[in-house]
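All heavy atoms count here, side chains included; hydrogens, waters and symmetry mates do not. As the structure lists them, so they are numbered: ligands from 1, and atoms in each ligand from 1.
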Amino acid sequence: MKIFLDTADINEIKTVARWGVLDGVTTNPTLYAKVGGSYEDILREVCAITPGPVSAEVVADDVDGMLAEGRAFAKLAPNIVVKVAMSENGLEAISRFADEGIKTNCTLIFSANQGLLAAKAGASLLSPFVGRLDDINQDGMGVVRDLAEIVAIHELETEVLAASIRNPLHMTQAALAGAHVATLPFKVLKQMVHHPLTESGIVQFKQDWTSAREAAAAKDGAAKQEVAATAQKPGE
Ligand code: E4P
């Protein structure tokens, strides 16, 4: 299963790349607004950090506008994936991008049917939003599960990318539901790394190691002193 980072923050992306677990990055206008600057410059930098897919989201509502924005993104780096929101125009744009060989990530998917349509139109990634469905008391992970099953049954050439992941449990559930990818905020990835028993275990091992080394050094010192004392005894 692939892990993408859901952020436009370069430092977070560099950190996770160093951990060796970064398969790609997703951005969106809200994540970009948090860091500001030039979206294009950020995308170029992210694409240089990871060879994996980097999603860049179009904001136009009309097909021509989506195509113009997406084509410009696609020129920035070979690993750009154009993110298009689910809609009638979005489907048309996804289909046109597919004809041009430009990969797309259909975002803001909230039902398996929307995902099925996006797959048929040619999206290479389908992004069902888990957390936002949970927020309105609906089963977000159920959509991931259904969509992953539909993709498998019909051998569709696309991947299910579990998005709007809010906690480590979502991640485990997405993996078990058959999602091909999950995109996570940096905070959730960090939560996945840590466990209180791991932390306390590391402290305990370090303490035991230090005590053992000190005891060994003390024993060694005492033995050397005894040898020296024996060597100094006169007449022996
Ligand atoms: C996915 O590509 C989206 O950027 C993201 O997962 C949305 O998450 P949110 O619902 O927490 O904003």
Side-chain angles (χ1 to χ4, degrees), residues 1-10 12-13 16 21-36 39 42-43 46-47 49-50 52-60 66 69-70 73-74 77 79-87 90-91 93-94 97 102-112 114-115 118-119 121 123-145 147-148 151 158-175 177 179-192:
M1 180 173 184
K2 283 169 271 191
I3 292 181
F4 289 2
L5 195 58
D6 199 23
T7 186
D9 185 311
I10 296 294
E12 291 180 353
I13 295 165
V16 177
V21 298
L22 185 70
D23 296 308
V25 171
T26 51
T27 66
N28 67 33
T30 307
L31 295 170
Y32 161 59
K34 285 185 186 163
V35 295
Y39 192 35
I42 291 169
L43 290 170
V46 176
C47 288
I49 296 168
T50 174
V54 175
S55 292
E57 186 157 345
V58 299
V59 290
M66 290 177 185
E69 287 178 31
F73 288 146
N79 49 334
I80 285 281
V81 173
V82 178
K83 209 174 181 191
V84 181
M86 181 68 200
S87 68
L91 285 174
I94 286 168
F97 281 131
I102 293 175
K103 291 193 169 165
T104 51
N105 170 358
C106 185
T107 191
L108 290 169
I109 288 177
F110 293 96
S111 73
Q114 287 183 318
S124 38
L125 291 167
L126 312 173
S127 290
F129 275 39
V130 175
R132 293 192 194 189
L133 277 170
D134 288 359
D135 288 345
I136 58 163
N137 203 25
Q138 291 188 17
D139 180 12
M141 206 53 74
V143 177
V144 173
R145 195 172 301 108
L147 203 43
V151 166
T158 187
E159 290 184 308
V160 177
L161 189 170
S164 190
I165 295 291
R166 302 274 173 77
N167 54 58
L169 184 58
H170 272 163
M171 176 67 209
T172 307
Q173 290 170 333
H180 304 88
V181 193
T183 188
L184 317 177
F186 183 58
K187 180 182 158 222
V188 176
L189 255 176
K190 278 178 75 120
Q191 287 173 323
M192 284 171 64

Member of Asn28, Asn105, Thr107 meeting the side-chain hydrogen bond (donor to acceptor under 3.5 Å, both in side chains) criterion with Ser127: Asn105

To which protein heavy atom is atom 5 (C) of ligand 1 closest, and what is the distance rounded to 0.1 Å? Asp6 OD2, 2.8 Å

Testing the 3.5 Å rule here: is there a donor-acceptor pair between the side chains of Ser55 and Thr26? no

Considering non-hydrogen atoms of the protein only, which is the closest contact for atom 7 (C) of ligand 1, and what is the distance? Phe129 CE2, 3.5 Å

N/O of Ser164 under 3.5 Å from N/O of ligand 1, yes or no? yes

Once rounded to the nearest 0.5 Å, what's the spacing between atom CG of Asp6 and atom CD1 of Ile165? 9.5 Å

Distance to 0.1 Å, residue and atom name: give those for the protein heavy atom nearest to atom 12 (O) of ligand 1. Arg132 NH2, 2.8 Å

State whether the shortest distance between N or O atoms of Lys83 and N or O atoms of ligand 1 falls below 3.5 angstrom. yes

Subset of ligand 1 atoms that lie under 4.0 Å from at least one heavy atom of Ala163: 1 (C), 6 (O)

So which protein heavy atom does atom 11 (O) of ligand 1 come closest to, and at what separation? Arg166 NE, 3.1 Å

Would you say His180 and Leu125 make side-chain contact, with heavy atoms under 4.5 Å? no

Does Thr183, backbone or side chain, put an N or O under 3.5 Å from an N or O of ligand 1? no

Heavy-atom closest pair, residues Ile42 and Ile10: O-CD1, 4.1 Å

Short side-chain to backbone donor-acceptor contact, Thr104 and Cys106, under 3.5 Å: no

Kindly give the heavy-atom pair with the smallest separation between Lys103 and Ser124, and that separation in Å. CB-OG, 3.4 Å

What is the nearest protein non-hydrogen atom to atom 4 (O) of ligand 1, stated with its residue, atom name and distance? Asn28 ND2, 2.7 Å

